[in-house]
Amino acid sequence: VMAISVPLTLGAVSLVGWYLGGMAMQPIRHTYAHLQRFTSDASHELRAPLAAILSNAQVGLMSPLEAGQPKHIRLEKIAQTAKSMNQLVTELLFLARQAGRLDANSIRSIHLNNLLKETIATASVQSVAHHLTLDTELPEENIFINGNPDLLMQAIANLLTNACKYTLPGGKVYLRLVSQYHRILIHVEDTGIGICATDLPHIFERFYRVDAQRSRDKGGTGLGLAIAHQIIAAHGGYLTASSQIGRGSLFQIEFPVV
Ligand code: ADP
């Protein structure tokens with residue numbers, strides 16, 4: 001259990017209390033059993049959309065007289081399912097290729113304040129679409145770390161996308177950059193639906209979803225957090241989460257300063 005020592009004041013709301021004790025540390029070990037589970041999950045995740053594509057195509061082919069609307073709907077379903085399958089394969093390949101390492105040639109000195117500003121620009125589109133307020137808190141001082149800017153941006157964007165997806169309209173999403181003498185923190189926080197204590201230790205596992213249907217409906221693959229976790233670990237950082245059902249969630253990226 002890790003306590004957050006940063007004073008968190010979010011407008012009128014202070015969310016410090018309920019985070020203490022709720023922090024989940026997730027060292028993910030990839031044992032043989034994990035690999036087996038992953039292979040079976042991945043085949044299941046790929047087979048389900050393939051089956052939908054096949055059956056829509058077959059029914060469409062078997063009824064050549066089916067004209068106009070119904071055929072079009074079937075084609076739309078095929079295209080939609082193929083699109084989400086494509087996303088899934090892309091994310092799976094990313095996890096396999098990147099494999100938790102950083103390519104030495106891709107490492108640069110990153111101006112975190114600017115990187116966060118760029119990431120917010122994309123997230124603000126989603127927050128508007130979901131009727132959410134997006135608040136950011138960046139320090140005056142310039143904060144730098146060494147790493148791959150594209151990957152870091154993707155990790156933070158995944159967290160922001162989730163915050164928007166799992167927060168009801170009217171809610172709030174906060175992005176915060178905090179520099180302390182021995183560590184740098186990035187917080188992505190929301191006032192969303194929250195994650196219960198039994199699910200919390202598993203959310204960084206590949207394909208783990210609290211509610212698979214809800215995740216799929218929102219275009220999720222169940223890999224976003226696994227990818228974010230892998231990217232942050234490759235940077236020598238830690239990604240942890242704390243949450244309370246009905247109150248919201250806090251995802252914390254921590255980079256130790258050496
Ligand atoms: P998905 O594609 O399903 O969103 P992720 O790996 O990004 O997959 O997240 C895993 C699961 O963790 C999600 O299905 C969701 O149940 C839960 N989750 C992630 N972020 C949040 C959040 N900010 N609030 C509530 N639940 C979340």
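Reckoned from all heavy atoms, side chains included, excluding hydrogens, waters and symmetry mates. Atoms within each ligand, like the ligands themselves, are counted from 1 in listed order. Small disclaimer: the values here were computed from a predicted structure and weren't measured.
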Query - Test of proximity, Gly222 against ligand 1: N or O pairs below 3.5 Å - result: yes
Query raised in the report: Below 3.5 angstrom, do we get any N/O pair linking Asn162 and ligand 1?
Result: yes
Report task. For Phe251 and ligand 1, answer yes if some heavy atom of the residue is under 4.0 Å from a ligand atom, otherwise no. Result -> yes
Query raised in the report: Does Phe38 belong to the same Ile/Leu/Val/Met/Phe/Trp/Tyr cluster as Leu88, with side-chain heavy atoms less than 4.5 Å apart forming each link?
Result: yes
Query raised in the report: When only distance counts, is Thr221 in polar contact with ligand 1, meaning an N/O pair under 3.5 Å?
Result: yes
Report summary line: min-distance protein heavy atom vs atom 26 (N) of ligand 1 -> Ile195 CG1, 3.3 Å
Query raised in the report: What atoms of ligand 1 come closer than 4.0 angstrom to any heavy atom of Leu225?
Result: 5 (P), 6 (O), 7 (O), 9 (O), 10 (C), 12 (O), 19 (C)
Query raised in the report: So, for Thr221 and Ser215, which heavy atoms are closest and what is the spacing to 0.1 Å?
Result: N-OG, 4.5 Å
Query raised in the report: What protein heavy atom sits nearest atom 12 (O) of ligand 1, and how far away is it?
Result: Ile203 CG2, 3.7 Å
Report summary line: All heavy atoms of Arg209 vs all of Gly220, minimum pair found to be NH1-O, 3.6 Å
Query raised in the report: What is the closest protein heavy atom to atom 24 (N) of ligand 1, and at what distance does it sit?
Result: Tyr166 CB, 3.3 Å
Query raised in the report: For ligand 1, is any non-hydrogen atom under 4.0 Å from Lys218's backbone (N, CA, C, O), its side chain (CB onward), both, or neither?
Result: neither
Report task. Below 4.0 angstrom from a heavy atom of Lys165, which ligand 1 atoms are there? Numbered from 1 as shown, please. Result -> 1 (P), 2 (O), 4 (O)
Query raised in the report: Are Tyr208 and Tyr166 in one and the same hydrophobic cluster, where Ile, Leu, Val, Met, Phe, Trp and Tyr link if side-chain heavy atoms are under 4.5 Å apart?
Result: no
Query - Least distance between heavy atoms, Glu91 atom then Leu223 atom - result: OE1-CB, 3.3 Å
Query - N or O contact, Ile193 vs ligand 1, cut-off under 3.5 Å - result: no
Query raised in the report: Judging by distance only, is a nitrogen or oxygen of Asp190 under 3.5 angstrom from one on ligand 1?
Result: yes
Query raised in the report: What about Tyr208: any of its N or O atoms under 3.5 Å from an N or O on ligand 1?
Result: no
Query - Side-chain touch Glu254/Thr240, heavy atoms, less than 4.5 angstrom - result: no
Query raised in the report: Which atoms of ligand 1 sit under 4.0 Å from any heavy atom of Gly224?
Result: 5 (P), 6 (O), 7 (O)
Requested in this report: Would you mind listing which atoms of ligand 1 come within a distance below 4.0 Å of any non-hydrogen atom of Gly194?
Outcome: 25 (C)
**Report entry** Which of the ligand 1 atoms, numbered from 1, are nearer than 4.0 Å to a heavy atom of Ser215
**Finding:** 1 (P), 2 (O), 3 (O), 14 (O)
Query raised in the report: Taking C-beta and beyond as the side chain, do Leu138 and Lys117 meet within less than 4.5 Å on heavy atoms?
Result: yes
Report task. Give the numbers and elements of all ligand 1 atoms closer than 4.0 Å to a heavy atom of Arg209. Result -> 3 (O), 14 (O)
Query - Per-atom contacts of ligand 1 with Val210, taking only distances under 4.0 Å to non-hydrogen atoms - result: 14 (O), 16 (O)
Using a 3.5 Å cut-off and no angle test, enumerate the donor-acceptor pairs between side-chain atoms of residues 152-164 and protein atoms at least two apart in sequence or in another chain.
unit_1 : atom_1 : unit_2 : atom_2 : d
Asn158 : ND2    : Gly224 : O      : 3.0
Thr161 : OG1    : Gln126 : OE1    : 3.4
Thr161 : OG1    : Gln126 : NE2    : 3.3
Thr161 : OG1    : Ala157 : O      : 2.8

Query raised in the report: Below 3.5 angstrom, do we get any N/O pair linking Gly220 and ligand 1?
Result: no
